[in-house]
Amino acid sequence: MIGSISQAAYALTVAAAAIACAAALVTVVWRHALTIGRFANAIAAASGLTALVTRSIVSGHLPIFGTFENTLTAAWAIMATAAFFSWRFPVAREVWRWAAPWALALLLFGTRFRAEPVPLTISEQSLWVDAHVLFAWVAFVALVGASTLAILRLAGRSPFALAAEDADDLLGRLVLLGFLGLTVMLALGSLYLYVLFAVFWRWEVVETLSLLAWLGYGMIAHARLFYRMGGRRLALAVVAVLPLLLLAFWIWSVFPGTFHFFDIPLVRSY
Amino acid sequence: MGIRGRVTAAYRLLGSRRLSFWILGAGAALLLVWILPFELTGQPEATVESIGSAWAPMRAVYGAVAVATLACTVPRLLRDLARARRWRSGRARLSDDAPILKVALDEAERELSKAGYRTFQEPATVRAVKNAFAPLGGSIAHLALLALAAGLLVNAAAVTNTTTRVTEGQVFTDGALKGDSIDEAVNRRLEGIRLERITPGYFRDMLLFERLDATVLESGRVNTFSLAQPMWLDPITHLSVQDFGFAPRFRVDQRGRTIQDSTIAMSIFPPGSEDSAHLQSTGWTVSAVAYPDYARRGGRDVTMSYNLRNPRLLVSLADPSGEVLARRLIAPGESLASRGTTVTLVGVSRYGTFRLTRSAGLPIIVLALVGLVGGLTWRLLLRRHDVIVWQSGGVVRYDAWLDMEGRTAGRRALENLVQGVS
């Protein structure tokens, strides 16, 4: 029963995200799409939360295991953040337009992976992992938000009718929040790695990419805070680090040569 | 330029943010072109680790980052401490074109005090500051990075990381965990810990571990731990179960006399894996393949699950020349015989692979990471706000400075705070 609710909620989430995405595209020619898209994004956030909660009940753990669960969690985090800001702050009413494509892309990517809920394997059964993943998604949402804003700035758009200086400020704050999230994620991951394997760092692809992304955003944060870097240069810098962010967060889905690989093949004994 | 001047210039260069940028950029470039490609092409982790930790250019970057961070942070920390102690505006300045405040000086002072600002009154002037210690967060975060590096060095020099196999019923020091580098109190404690059982659990009988617990008996108390929830023997030493396997017990009899009775931890999990061991009493080699949940299906020997429910072992005996003397699938209680010697499978139990980890660097690293996260949070969430309000020519003017964001942001923050600002 709960499994069926979870599947139905997931299907509704994908459908609502697709509608929001389509609405985001046609708002230029059809203004009513703004209301439809905002509503669809809110529906997607609500049904996504239902899907996550019911899935957690079925699997017995938070939705942090494997690509399918993580894409759903990340997409929901983006849509829920957009829904909250567009409801709470009139100036950010249209933020869903820039969130919906990311969410839909993540959801579609997730459909390529095993959707069956499976229990956590022994190395993941820890609150350390839950906290590590929580901060990872905080960082991801903030930095995807920063990247989107940077792309819009480079395209000559000013979202929410922000003055250039205010847009730079918002971009800087998102980078700082994301950088802080990445720092906590790395710190928790490092401590838990020691508990598991007696080392604080392993030279493997996800950790190296995360370190590169951390260095990249750290340098941008310093440039912003101490040299007041802004405008096109700030936007370019944020966009330049985006590939590292995406690789750090998703390369494990397609590259099994990392201990962050969690789409574990299920092998029977006979 | 004299020597003193040159030293000062070199120190300034080392502590400059511009140099820090170049060093971090160089480090990132090295990671990108000389670490990542090796990882992506599947080079062994040890190879990449040797580059990352021992390759001279990487070490040069680590050293340069440490020196530059120290040279940059120490003067900054001293300056921020001095400023914080003074808790009075150092940046906001009296200026004739400053905006006008439509409230009296006293009223402005009251509003600022009410909002948590520390105020400092001078004739016809009020200076105020909030979050005076906020800039220290940045210094703390940078010093924490240095402490982290120190902790990692201590860890590299003093970590004990031992693994050993312990079979059910065995005391931990029967294995190889006891060592000189382990604290004597830990050694004594290990001597009193006996492994009662290893409990694996599989998701729907597939090779996905839901559970791998070790239950031990220590001073009459039962304790259960696992990989993710290790047993802490003291604040810097923990014991965790990493892996498990099957441990067959073999009895060797010759002319009615038992000459060997051993439980041997063999790498025969998952089923299909074959491992061999030396039987000291005969000089023979015993090899085994496990069928932990044996069944006969379609004329074939199979195992229905990974659980040790109905074990059978396909056992081979070979003499020192490698000649196979006997080979048969046997159940507990059954035997193989050759040349007047009988090898009996008495039973099959489990063993655990345990890791004992101890590092004096752990407290330093934990503190450093807490300092890094705490310092960054402090720095990023709080901003020092310097405010000055003064009376000049019958009007009250104001100026303000928000740390790291400048005068415009500082004035805006004050405008949001004080009612009646024009």
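- Residue A:Arg233 places its CZ atom among 12 or fewer non-hydrogen atoms of other residues, nucleotides or ligands, all under 6.0 Å distant.
- Only the side chain of B:Gln229 comes within contact range of chain A, judged by heavy atoms closer than 4.5 Å.
- Remark: B:Glu45 CD to A:Phe259 CZ distance equals 7.5 Å, nearest 0.5 Å.
- Here the CG-CG distance, from A:Leu180 to B:Leu372, works out to 9.0 Å after rounding to the nearest 0.5 Å.
- A:Tyr227 is listed as a side-chain neighbour of B:Phe21, based on a closest heavy-atom distance under 4.5 Å.
- Looking at A:Gln125, its side chain does come within 3.5 Å of a backbone N or O of B:Glu210 through a donor-acceptor pair.
- Neither the backbone nor the side chain of A:Glu124 comes within less than 4.5 Å of any heavy atom in chain B.
- Ion pairing of B:Glu405 with A:Arg224 is absent here, as no side-chain N (NZ or NE/NH1/NH2) approaches a carboxylate O to less than 4.0 Å.
- Options B:Asp213, B:Leu207, B:Ile51 differ in how many heavy-atom pairs under 4.5 Å they form with chain A, and the most are formed by B:Leu207.
- Heavy atoms closer than 4.5 Å to chain A are found in the side chain of B:Pro230, but not in its backbone.
- Both the backbone and the side chain of B:Arg17 come within contact range of chain A, each with at least one heavy atom under 4.5 Å from a heavy atom of that chain.
- When heavy atoms are compared at a cutoff of 4.5 Å, A:Phe255 approaches chain B solely by way of its side chain, counted from C-beta outward.
- Counting heavy atoms of neighbouring residues, nucleotides and ligands inside a 6.0 Å radius, atom CH2 of A:Trp201 exceeds 12 of them.
- The environment of CG in A:Leu236 is crowded: more than 12 heavy-atom neighbours from other residues, nucleotides or ligands sit within 6.0 Å.
- If you measure heavy-atom distances from A:Leu120 to chain B, the contacts under 4.5 Å come from the backbone alone.
- With hydrogens and angles disregarded, a donor-acceptor distance shorter than 3.5 Å links the side chain of A:Arg228 to the backbone of B:Met404.
- Interface residue B:Leu24: backbone and side-chain heavy atoms are both found under 4.5 Å from chain A.
- In terms of heavy-atom proximity, B:Phe203 sits nearest to A:Pro117 at CZ-O, 4.0 Å.
- Between chain B and the options A:Leu196, A:Leu215, A:Leu191, A:Val199, the largest number of non-hydrogen pairs under 4.5 Å is found for A:Leu196.
- With respect to chain B, the highest number of heavy-atom pairs below 4.5 Å among A:Arg202, A:His222, A:Arg173 belongs to A:Arg202.
- Looking at B:Leu152, only its side chain comes within 4.5 Å of chain A, counting heavy atoms on both sides.
- For A:Leu244, the part lying under 4.5 angstrom from a heavy atom of chain B is the side chain only.
- Chain A forms the most heavy-atom pairs under 4.5 Å with one residue out of B:Ser240, B:Ser359, B:Gly406, B:Ala409, and that residue is B:Ser359.
- Of the residues considered (A:Ser126, A:Ala198, A:Gly257), A:Ala198 shows the highest number of contacts with chain B, using heavy-atom pairs under 4.5 Å.
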*Evaluate side-chain contact (heavy atoms from CB on, under 4.5 Å) for B:Leu362 paired with A:Phe200, printing each intermediate quantity in order.*
CA-CA 9 Å; B:Leu362 180 61; A:Phe200 290 95; 3.8 Å; yes
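- The residue among A:Gly216, A:Gly218, A:Ala223, A:Ser190 with the most heavy atom pairs within less than 4.5 Å of chain B is A:Ala223.
- Contact annotation for B:Asn155: only side-chain heavy atoms (C-beta onward) come within less than 4.5 Å of a heavy atom of chain A.
- Taking CG of B:Leu145 as the reference point, atom OG1 of A:Thr183 lies at 9.0 Å (rounded to 0.5 Å).
- Applying the 6.0 Å contact sphere to CZ of A:Phe249 captures more than 12 heavy atoms from other residues, nucleotides or ligands.
- For B:Thr408, the part lying near chain A is the side chain, with the backbone staying farther off; criterion is any non-hydrogen pair under 4.5 Å.
- Heavy atoms of A:Phe197 lying under 4.5 Å from chain B belong to its backbone as well as its side chain.
- Using a 4.5 Å cut-off between heavy atoms, A:Asp166 contacts chain B through its side chain alone, with no backbone atom that close.
- Per-residue counts of heavy-atom pairs under 4.5 Å with chain A were compared for B:Asp205, B:Leu212, B:Ile365, B:Leu381; the largest is that of B:Ile365.
- Contact between A:Val195 and B:Ala228 at its shortest, heavy atoms only, is CG1-O, 4.3 Å.
- The shortest distance between side-chain heavy atoms of A:Tyr194 and B:His238 falls below 4.5 Å.
- Heavy atoms of B:Thr377 lying under 4.5 Å from chain A belong to its backbone as well as its side chain.
- Considering CH2 of A:Trp203 and CD of B:Glu49, their distance stands at 9.0 Å, rounded to 0.5 Å.
- Side-chain atoms of B:Tyr306 come within 3.5 Å of backbone atoms of A:Arg268 as a donor-acceptor pair (strictly under, hydrogens ignored).
- Interface remark: B:Leu380 contributes side-chain atoms only to the contact with chain A (heavy atom separation under 4.5 Å).
- With values rounded to the nearest 0.5 angstrom, B:Tyr202 atom OH is found 14.5 Å from A:Leu266 atom CG.
- In this structure, B:Trp232 places its CH2 atom where more than 12 heavy-atom neighbours from other residues, nucleotides or ligands lie under 6.0 Å away.
- Within the 3.5 Å criterion, the main-chain N or O of A:Glu204 finds a donor-acceptor partner in the side chain of B:Glu39.
- At a 4.5 Å heavy-atom cutoff, the contact between A:Ile251 and chain B is made by side-chain atoms alone.
- Looking at A:Ala221, there are no atoms closer than 4.5 Å to chain B (heavy atoms on both sides), in backbone or side chain.
- There is no contact between B:Arg379 and chain A, counting heavy-atom distances below 4.5 Å.
- Distance check, rounded to the nearest 0.5 Å: CG of B:Leu36 to CG of A:Leu212 gives 6.5 Å.
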